[in-house]
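Step one of this worksheet: look at the structure below.
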Amino acid sequence: MFSSLTMHYLKEWSGPLKEFYRVLKVNGTLLFSTHHPFADWRIFRVDNYFKTICIQDDWGFPIQYYRRPLQDMISPILSAGFCIEQIVEPRPTENFLRVDQEGYQKLSISPLFLIIRAIKH
């Protein structure tokens, strides 16, 4: 099961994660990406890292999503029954460097996203 950059739109993760676990076969994989909790904390200057909050952002149109601490991402995954196999903080590629040197430098020292691979055992 794959979910790219959708989980942060959900206020509550427990229900969806339990359902993902229910429908996956044994040894099935849940792979998803989300905003990195540190990035949103830094960018939006959130006063309390440990608080889950609704972020109001503007991408040329209003958008909202939830910023939560890492423990509030990991705990519902484990509570649903998954084992976390891997956590990745992706870095930009050399191809990205050729396209956007300034962006490459920023993303090389501060992650924006988090990828989690969890397995149903």
Side-chain angles (χ1 to χ4, degrees):
M1 185 171 295
F2 177 74
S3 174
S4 179
L5 297 174
T6 57
M7 293 296 288
H8 54 273
Y9 293 108
L10 303 176
K11 184 175 185 179
E12 174 59 43
W13 282 19
S14 294
L17 287 167
K18 287 177 185 175
E19 184 64 10
F20 293 157
Y21 188 86
R22 185 187 72 77
V23 300
L24 279 171
K25 295 179 181 179
V26 173
N27 295 321
T29 299
L30 170 63
L31 179 67
F32 71 94
S33 59
T34 189
H35 287 201
H36 196 291
F38 179 77
D40 286 337
W41 177 77
R42 181 182 50 78
I43 292 167
F44 293 98
R45 304 188 193 291
V46 175
D47 62 348
N48 182 349
Y49 171 83
F50 293 104
K51 187 175 180 184
T52 296
I53 63 165
C54 183
I55 298 283
Q56 304 290 330
D57 203 357
D58 183 3
W59 297 356
F61 54 90
I63 191 159
Q64 70 178 29
Y65 57 90
Y66 294 90
R67 195 225 68 86
R68 68 194 81 235
L70 184 60
Q71 68 186 15
D72 289 355
M73 293 177 175
I74 301 303
S75 291
I77 296 167
L78 299 175
S79 292
F82 287 101
C83 293
I84 295 175
E85 185 176 75
Q86 188 176 18
I87 297 176
V88 176
E89 297 170 301
R91 293 183 178 190
T93 64
E94 292 299 316
N95 287 337
F96 187 75
L97 173 61
R98 288 189 281 279
V99 174
D100 183 354
Q101 291 181 356
E102 183 180 336
Y104 179 90
Q105 296 305 320
K106 288 179 184 178
L107 293 173
S108 292
I109 62 171
S110 183
L112 280 184
F113 301 106
L114 191 67
I115 300 170
I116 298 175
R117 180 182 168 108
I119 307 295
K120 175 180 178 175
H121 288 293

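Values in this document were obtained by computation on a predicted structure and should not be read as measured data.
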TODO: For D47 and R45, run side chain to side chain contact (heavy atoms under 4.5 Å, CB included): C-alpha distance rounded to whole Å, both residues' side-chain angles, the deciding distance at 0.1 Å, then the answer.
DONE: CA-CA 6 Å; D47 62 348; R45 304 188 193 291; over 6 Å; no

Task: Exercise: do Y66 and E12 side chains pair donor with acceptor under 3.5 Å - done: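 No.
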
- [ ] In sequence, state the C-alpha distance, the side-chain angles, and the governing distance for D40 and V46, and then conclude on side chain to side chain contact (heavy atoms under 4.5 Å, CB included).
- [x] CA-CA 8 Å; D40 286 337; V46 175; 5.9 Å; no

- [ ] Would you mind checking if E102 and K106 are paired as a salt bridge, meaning a charged N to carboxylate O distance below 4.0 Å?
- [x]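 Answer for the salt bridge query: yes.
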
When you compare the side chain of [Y] with that of [X], does any pair of heavy atoms fall below 4.5 Å?
X	Y	value
P37	R68	no
F113	H36	no
L31	I116	no
T29	L24	no
I87	L114	yes
I53	I55	yes
E19	V23	yes
P92	S108	yes

Report yes or no: do [X] and [Y] belong to one cluster of Ile/Leu/Val/Met/Phe/Trp/Tyr joined by side chain heavy-atom distances under 4.5 Å?
X	Y	result
I119	I84	no
I115	F38	no
L78	V88	no

[atom1]-[atom2] distance between [X] and [Y], expressed to the nearest 0.5 angstrom:
X	Y	atom1	atom2	value
R91	L112	CZ	CG	13.0 Å
H35	M7	NE2	CE	13.0 Å
R98	T93	CZ	OG1	7.5 Å

State whether the side chain of [X] and the backbone N or O of [Y] hold a donor-acceptor pair below 3.5 Å, judged by distance alone.
X	Y	result
K120	F82	no
S75	Q71	yes
S33	L5	yes

TODO: Apply the test side chain to side chain donor-acceptor pair (under 3.5 Å) to residues S110 and R42: give CA-CA distance (whole Å), side-chain angles for both, the deciding distance (0.1 Å), then the verdict.
DONE: CA-CA 10 Å; S110 183; R42 181 182 50 78; 3.1 Å; yes

- [ ] Apply the test side chain to side chain contact (heavy atoms under 4.5 Å, CB included) to residues L70 and I74: give CA-CA distance (whole Å), side-chain angles for both, the deciding distance (0.1 Å), then the verdict.
- [x] CA-CA 6 Å; L70 184 60; I74 301 303; 4.0 Å; yes

Task: Ring centroid separation F32 to W13 under 6.0 Å - done: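 They qualify: ring centres under 6.0 Å apart.
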
Task: Lys/Arg cation over aromatic Y49: R67, 6.0 Å, 45° cone - done: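 R67 over Y49 ring: yes.
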
Task: Test side-chain hydrogen bond (donor to acceptor under 3.5 Å, both in side chains) applied to Q64 and Q56, K11, H8, the passing residue - done: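 The side-chain hydrogen bond (donor to acceptor under 3.5 Å, both in side chains) with Q64 is passed solely by Q56 among Q56, K11, H8.
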
Task: Heavy-atom closest pair, residues I77 and A118 - done: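 Of all heavy-atom pairs spanning I77 and A118, the closest is CG2-CB, 4.0 Å.
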
Task: Steps toward side chain to side chain contact (heavy atoms under 4.5 Å, CB included) verdict (L107, F96) - done: CA-CA 10 Å; L107 293 173; F96 187 75; 4.0 Å; yes

